[in-house]
Amino acid sequence: VTGIAGEVGWPSAALLLPITIVAAVILIAALAYRRRAAPV
Amino acid sequence: MLTLLALAAGCVDAASFLGLGQVMTAAMTGNTVLLGLAPGQADAEGSLRAIVALAAFVAGALAGAAIVDRGPGGVVWAPAVTAALALELVVLVVLALTWHVLEGRPAWPIDYRHPLIAAAGLAMGIQSAAAQRIGVPGVTTTYVTGTLTSMAARLVGWLRSSSAAAPNDRVRDVGAPWLQGACGSPMEPEPYSPAWRTSGGHRSRCHPA
């Protein structure tokens with residue numbers, strides 16, 4: 001993120017990583033909930 | 001899961017610090033330090049950015065708490081937690097798109113960074129409320145000081161409780177709380193409570209759920 005936001009100078013693109021991570025967490029939680037498993 | 005959320009918070013913090021005028025939107029401890037430094041450096045703009053981030057974080061935490069409190073109790077990861085994270089995701093996507101449109105443009109009559117800071121702080125506040133609802137003792141996703149302090153306290157507790165154990169058991173016990181904190185595994189009942197000690201909890205609950 002520091003490379004993209006600082007060196008490349010494109011901080012908005014650096015937000016793609018946290019967006020992907022949060023989306024993945026939501027997906028895993030939803031799948032785990034469907035299987036009635038605690039996703040932690 | 002909490003580790004991934006902490007990673008996301010670190011990314012948002014790095015992006016906002018580098019792109020929005022050296023302000024932290026996830027680590028509010030660091031932000032309060034910046035807020036304390038700014039007046040000493042006669043940096044009114046820096047103070048305003050830090051105040052906007054703080055206010056937005058609190059607003060996000062309030063909104064997140066309102067969402068997760070509607071979920072059923074006794075569940076480690078209630079659907080309301082996922083709903084709060086979905087709201088955080090929406091805010092992050094809007095933030096990224098808006099930021100992408102605005103960056104690189106010529107000077108605006110007003111500083112467009114303030115609404116972007118507010119959006120990032122809002123998202124991180126929501127995430128913090130969701131992470132707190134999950135209820136892993138002493139583990140958070142947006143600040144590290146409290147997590148490290150909790151881990152250190154657990155380490156001392158584990159060392160004391162396993163002092164009579166065999167050396168191999170002791171090595172395992174020392175590593176467990178750190179892994180537990182990193183994995184964000186739930187610990188029930190509350191560690192070091194009388195019930196936890198008598199039930200041998202440190203032996204039976206050292207594996208992530």
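Treat the numbers as computed from the prediction; the structure is a model and nothing was measured. When reading the values below, keep in mind they use all heavy atoms of this one structure, side chains included, and skip hydrogens, waters and symmetry mates. In what follows, every chain begins at residue 1, and chains take the letters A, B, ... in the order their sequences are listed.
- Considering only heavy atoms from C-beta on, Leu15(A) comes within 4.5 Å of Val12(B) through its side chain.
- Minimum heavy-atom separation, Pro18(A) to Ala8(B): CB-O, 3.5 Å.
- For the pair Val22(A) and Leu85(B), the tightest heavy-atom approach, listed with the atom from each and the gap, is CG1-O, 3.8 Å.
- Listed options Leu97(B), Val93(B), Leu116(B) were ranked by heavy-atom pairs under 4.5 angstrom with chain A; first place goes to Val93(B).
- With rounding to the nearest 0.5 Å, the separation of CD1 in Ile19(A) from CD in Glu88(B) is 10.0 Å.
- Under the side-chain contact (heavy atoms from CB on, under 4.5 Å) rule, Val25(A) has a single partner from Leu5(B), Thr3(B), Leu89(B), which is Leu5(B).
- A distance of 11.0 Å separates CD1 of Ile28(A) from OG1 of Thr82(B), quoted to the nearest 0.5 Å.
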